[in-house]
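Working notes, structure below.
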Amino acid sequence: MITLSASSVFAYLLFPGGLFAVLFGLLLLSMGRIAVARFQGRVGPPIYQNIFDIIKLRVKEVLIPEDVTNKLMFCIAPVFGFVGMMTAIFILPVSGVYGGTGASSDLIVLIYLLALPAVSHILGGSASGSTYAAISVSREVILMFAYEISFIIVLFTVALAAGGGDGAQFSLKGIVDYQITHGSFISDIKMIPAFLAFVIFMLATLEVPPFHIAENDGDVMKGYLMEYSGMPLALFEITHALKLLVLITVLQVFFMPGIAGASIIVNLLWFIGKSAAVVACIAFIHASMPSFRVDQAFKFLMIVPILLSLMSLGMILFF
Amino acid sequence: MFSKYATKSPWLYRINTGSCNGCDVELATTALIPRFDVERLGCKYTGSPKHADIVLVTGPVTVRSENYLIRMLNEIPDPRVIVAIGICPISGGIYRDSYSIRGPLDKHVEVDVNVSGCPVRPQSILDGVAQAIGIWKDKIKQFHEA
């Protein structure tokens with residue numbers, strides 16, 4: 001049960017949600033850009049680059065196109081994803097630092113919250129009246145249909161595994177506590193396929209190169225962001241940063257919530273270190289992979305991650 | 001107050017107005033991506049003209065590309081900087097006085113930086129972008145005072 005108290009407002013607005021999450025997410029995005037640059041033999045941008053991008057977009061003029069099909073939706077679409085991600089980072093526990101909201105079934109809420117950035121892309125893109133945005137939105141819908149299935153199977157696998165034999169554990173806090181006492185799921189051979197399926201889901205949601213389809217500069221220019229400029233675009237960028245942080249936190253909650261010690265500071269540094277390592281792995285995949293076509297990506301996502309996650313689910317249920 | 005930090009993040013947008021592709025190759029492969037990395041200055045290529053801060057124009061503005069150039073330039077939000085890349089948008093180059101040319105570029109829009117060469121050298125593109133960032137800083141100040 002969530003009550004409105006000073007500590008929950010603090011957690012939503014400052015730490016670990018809100019300001020901390022936005023700044024840390026933007027730093028993670030810049031770290032990813034630097035890592036990609038280093039893999040390609042370049043120097044890369046400075047570490048605070050994405051924060052300056054947001055400041056830059058604040059000074060730019062905001063253009064609203066004349067032929068926008070739904071002006072109200074065009075203006076409020078960025079807010080959906082932003083609010084969804086702010087709430088997701090609020091309910092997610094950071095092991096040893098922050099306990100989350102402690103609600104008994106917040107895992108189910110997470111399914112809906114994680115879909116919100118894609119929904120805001122779809123609403124904003126289709127309201128903008130641009131042909132490129134229309135193509136990009138249709139691709140996003142196709143991909144979303146494919147990757148959400150495997151995410152839901154992984155989620156139930158984790159819930160069943162954390163139940164420990166009697167029913168499923170739908171509380172994020174419960175999942176973290178189970179793994180702290182019984183060992184992380186990443187060291188469990190039964191959960192490795194689910195881990196791989198979740199990594200593929202992460203790549204598809206973040207739209208890094210094997211799934212860089214919906215906003216590929218090469219063929220659909222900037223996709224659903226085509227007509228956005230100034231502050232709405234900055235809100236989309238912040239949402240992207242928060243989405244990266246949320247997915248990394250979900251990965252840690254599901255598979256590696258191990259704690260490093262009793263102190264909050266040590267655990268926070270451990271969390272930051274693990275997040276940076278995950279970003280480096282994503283950057284390695286980003287730098288070394290070409291992109292799928294949309295039909296290839298759909299086939300891949302319908303076969304590989306779903307089979308992997310079903311394999312894990314079967315092993316958890318029957319062994 | 002923000003103009004100091006804002007200039008650390010110029011986003012680049014390329015417009016090809018009938019170029020022979022020489023300057024575009026220099027922009028895309030040699031100068032801005034692998035070796036003479038312009039991402040150090042915070043630049044990145046954007047796909048949409050609405051995200052652009054520094055516009056790099058190549059080519060001598062042919063008859064067929066003239067309308068598209070004007071429409072594209074109208075879609076770029078202020079404050080912005082226009083950079084002419086190569087001799088073609090500056091004076092017409094070898095295509096000067098041709099029947100199919102509506103150039104040079106400064107007939108259509110106020111050009112801030114000229115980077116000459118045929119094709120341009122990577123070092124001079126980087127120099128041009130660095131100068132454009134300086135001009136852009138003043139433009140941000142003017143834009144917010146106005």
Side-chain angles (χ1 to χ4, degrees), chain A residues 26 29-30 33-68 125 128 130 132-133 136 212 214-234 236-237 287, chain B residues 1-16 27-55 71-81 122 126 133 136-146:
Chain A
L26 289 170
L29 271 186
S30 314
R33 277 172 75 177
I34 294 174
V36 171
R38 295 291 157 88
F39 283 125
Q40 292 174 345
R42 293 185 284 128
V43 179
I47 185 81
Y48 39 74
Q49 183 57 49
N50 280 58
I51 297 172
F52 283 167
D53 285 356
I54 302 297
I55 296 173
K56 191 280 300 285
L57 288 171
R58 200 199 141 276
V59 306
K60 292 287 279 187
E61 187 184 14
V62 179
L63 296 176
I64 295 174
E66 275 178 11
D67 51 354
V68 55
S128 70
S130 158
Y132 291 112
S136 147
H212 192 214
E215 55 160 335
N216 189 349
D217 282 7
D219 53 1
V220 285
M221 312 298 272
K222 211 57 188 163
Y224 43 78
L225 298 179
M226 188 73 187
E227 302 292 332
Y228 280 98
S229 60
M231 276 316 278
L233 180 63
F236 272 121
E237 295 281 325
Chain B
M1 171 197 165
F2 286 110
S3 64
K4 185 181 160 197
Y5 301 107
T7 49
K8 304 229 187 242
S9 154
W11 288 357
L12 309 175
Y13 183 69
R14 289 170 289 182
I15 300 178
N16 180 339
L27 280 180
T29 59
T30 322
L32 298 182
I33 300 302
R35 189 167 166 194
F36 304 94
D37 180 21
V38 91
E39 207 177 11
R40 285 174 301 174
L41 304 175
C43 302
K44 75 170 184 185
Y45 278 131
T46 63
S48 162
K50 310 239 161 138
H51 306 179
D53 303 310
I54 294 178
V55 187
R71 271 171 58 189
M72 197 77 93
L73 288 171
N74 283 336
E75 291 197 359
I76 296 167
D78 283 325
R80 63 179 189 189
V81 181
L126 292 185
I133 292 172
W136 188 44
K137 191 173 180 178
D138 299 336
K139 287 201 168 185
I140 292 175
K141 267 186 202 145
Q142 286 167 15
F143 180 74
H144 281 272
E145 279 161 13

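Heavy atoms only: backbone and side chains are in, while hydrogens, waters and symmetry mates are out.
A distance of 9.0 Å separates CD1 in A:Ile34 from CD in B:Glu39, rounded to the nearest 0.5 Å. For the atom pair OG of B:Ser9 and NZ of A:Lys56, the computed distance is 3.5 Å after rounding to the nearest 0.5 Å. If you take CZ on B:Arg40 and CZ on A:Arg42, they are separated by 10.5 Å, rounding to the nearest 0.5 Å. The line from CE of A:Met226 to OG1 of B:Thr46 is 9.0 Å long, rounded to the nearest 0.5 Å. To the nearest 0.5 Å, atom NZ of residue B:Lys44 and atom CG of residue A:Asn50 are 7.0 Å apart. Separating the CE atom in A:Met221 from the OH atom in B:Tyr13 is a distance of 4.0 Å, to the nearest 0.5 Å.
The two residues A:Val59 and B:Phe143 make their nearest non-hydrogen contact at O-CE2, 3.8 Å. Here the shortest heavy-atom pairing between B:Lys50 and A:Tyr228 reads CB-O, 3.7 Å. The two residues B:Glu75 and A:Leu63 come nearest to each other via the heavy atoms O-CD1, 3.3 Å.
When each of A:Gly223, A:Ser229, A:Pro45, A:Ser130 is checked for heavy-atom pairs under 4.5 Å with chain B, A:Pro45 comes out on top. Considering only heavy-atom pairs separated by less than 4.5 Å from chain A, the leading option among B:Cys43, B:Gly47, B:Pro49 is B:Gly47.
The shortest distance between side-chain heavy atoms of B:Asp53 and A:Lys60 falls below 4.5 Å.
When atom types are taken as modelled, the side chain of A:Glu61 and the backbone of B:Asp78 share a donor-acceptor pair closer than 3.5 angstrom.
The number of heavy-atom neighbours closer than 6.0 Å to CZ of A:Phe52, taken from other residues, nucleotides and ligands shown, is above 12. Shown here is A:Lys222, whose NZ atom has more than 12 heavy atoms of other residues, nucleotides or ligands within 6.0 Å.
Looking at A:Glu227, the atoms closer than 4.5 Å to chain B (heavy atoms on both sides) sit in the backbone and in the side chain alike. Both the backbone and the side chain of A:Leu225 come within less than 4.5 Å of a heavy atom in chain B.
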- For the pair A:Gln40 and B:Asp37, evaluate side chain to side chain contact (heavy atoms under 4.5 Å, CB included) and give the outcome as yes or no after the intermediate values. CA-CA 10 Å; A:Gln40 292 174 345; B:Asp37 180 21; over 6 Å; no
